[in-house]
Number of protein chains: 2
Amino acid sequence: MAAPKTAKSAPPLLDDDKTVELADMFKMLGDPSRLRIVTATLEGPRAVGEIAAMLGLSVSLVSHHLRLLRATRLVSPERRGKQIFYRVHDQHVAHVIRDMIAHVNEEAE
Amino acid sequence: MAAPKTAKSAPPLLDDDKTVELADMFKMLGDPSRLRIVTATLEGPRAVGEIAAMLGLSVSLVSHHLRLLRATRLVSPERRGKQIFYRVHDQHVAHVIRDMIAHVNEEAE
DNA sequence: ATAACAATTGAACAAGTGTTCAATCGTATG
DNA sequence: CATACGATTGAACACTTGTTCAATTGTTAT
């Protein structure tokens with residue numbers, strides 16, 4: 001909790017549940033390692049070890065992050081032999097992230 | 001740092017600086033209080049006390065968050081008399097956030 | 001100047017976070 | 001079966017983070 005004031009009057013633009021849900025999604029992308037992992041899976045299914053090598057991170061660390069990303073439904077796993085391939089969970093997520101990347105890459109205004 | 005492996009080979013989709021910059025932006029929006037504050041300023045310039053009342057948060061807390069949001073250039077202040085009004089820093093930021101909200105509100109797939 | 005109002009600031013604390021290391025699980029191949 | 005490989009898991013750690021409270025700065029009015 002935050003304030004003793006019992007104030008509440010403005011119409012929302014986003015209800016409380018959606019706000020928390022969205023914040024959780026943002027939080028997941030708010031860590032550089034995780035953001036790199038997600039953008040890596042954006043280009044196609046990538047195995048855990050592959051991601052780790054690409055990014056210069058330990059397999060353990062990548063796996064920990066993938067567990068969180070899975071829980072937030074940002075990526076989804078698919079087993080193929082010994083390896084497990086991850087990709088962005090759906091097109092919805094992919095679009096949002098691509099959008100953000102585009103905006104940061106433009107940066108012209 | 002993370003892994004001792006000296007691996008590095010894949011072409012980026014987003015260079016390191018931009019990645020960190022984007023992650024910082026995401027991190028700011030990754031807290032529910034802050035996300036609500038930003039969406040509040042999305043509808044027009046809002047005074048600090050006004051925001052605090054709308055959201056049921058203490059003025060102090062809102063101010064702390066606004067300092068962070070200012071530092072990340074997500075909002076910008078404008079003094080008008082005793083009060084200080086905040087609004088989303090630019091259209092760029094506004095668009096990205098509106099986009100995200102729209103996506104979460106749809107949620108249909 | 002004094003008082004009142006709006007907002008910022010700093011210290012302090014609990015709770016959460018990213019990372020590492022070692023151990024474990026799952027799947028394929030000898 | 002055993003061995004090797006890929007990935008997950010859990011404990012432990014230092015570090016960061018969100019929040020509160022009290023004190024302070026800045027602004028307008030009396």
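To find a chain, count down the sequence lines: A is the first, B the second, and so on, and within it residues start at 1.
B/H64 comes within 4.0 angstrom of a base, heavy atoms only. At the heavy-atom level, A/S33 lies under 4.0 Å from the strands shown only through sugar-phosphate atoms. Using a 4.0 Å heavy-atom distance criterion, B/F85 is classed as making no nucleic acid contact.
Judged by distance alone with a 3.5 Å cut-off, a donor-acceptor contact links the side chain of A/S60 to the base of D/dT9.
Between the CD1 atom of B/I51 and the C1' atom of C/dT8 there is a distance of 14 Å, given to the nearest Å. The interatomic distance linking B/L69 (CG) with D/dG18 (P) rounds to 10 Å, in whole Å. Atom CG of B/D31 is separated from atom P of D/dT16 by 18 Å (rounded to the nearest Å). Protein atom CZ of B/R67 is 13 Å distant from nucleotide atom P of D/dT19, rounded to whole Å. Rounding to whole angstrom units, CZ of residue B/R79 and P of C/dT8 are separated by 8 Å. To the nearest angstrom, P of D/dT17 lies 15 Å from CG of B/L29. We find that CD of A/Q83 is positioned 14 Å from C1' of C/dT29, with the value rounded to whole Å. When rounded to the nearest whole Å, the span between NE2 of B/H65 and C1' of C/dT9 equals 15 Å.
Closest approach to the B/S63 side chain among D/dA7, C/dT9, C/dT20 is made by C/dT9 (side chain taken as heavy atoms from C-beta onward).
A donor-acceptor contact shorter than 3.5 Å links the side chain of A/T19 to the backbone of A/D15. A donor-acceptor pair under 3.5 Å is formed between the side chain of A/E50 and the backbone N or O of A/A47. Looking only at distances, no side-chain donor or acceptor of A/R67 sits under 3.5 Å from a matching main-chain atom of A/L69. Side-chain atoms of B/R46 do not come within 3.5 Å of backbone N or O of B/V48 as any donor-acceptor pair.
Residue order along DNA chain C, read from the 5' end via each residue's closest nucleotide, puts B/L66 first among A/L68 and B/L66. Toward the 5′ end of DNA chain D lies the nearest nucleotide of A/K82, the other residue of the pair B/K27 and A/K82 mapping further downstream.
The side chain of A/R34 contributes an N or O atom lying less than 4.0 Å from OP1 or OP2 of C/dG18. At least one side-chain nitrogen or oxygen of B/Y86 sits closer than 4.0 Å to the OP1 or OP2 atom of C/dT8.
Put simply, NZ on B/K27 and CE on A/M28 are 12.0 Å apart, with the number rounded to the nearest 0.5 Å.
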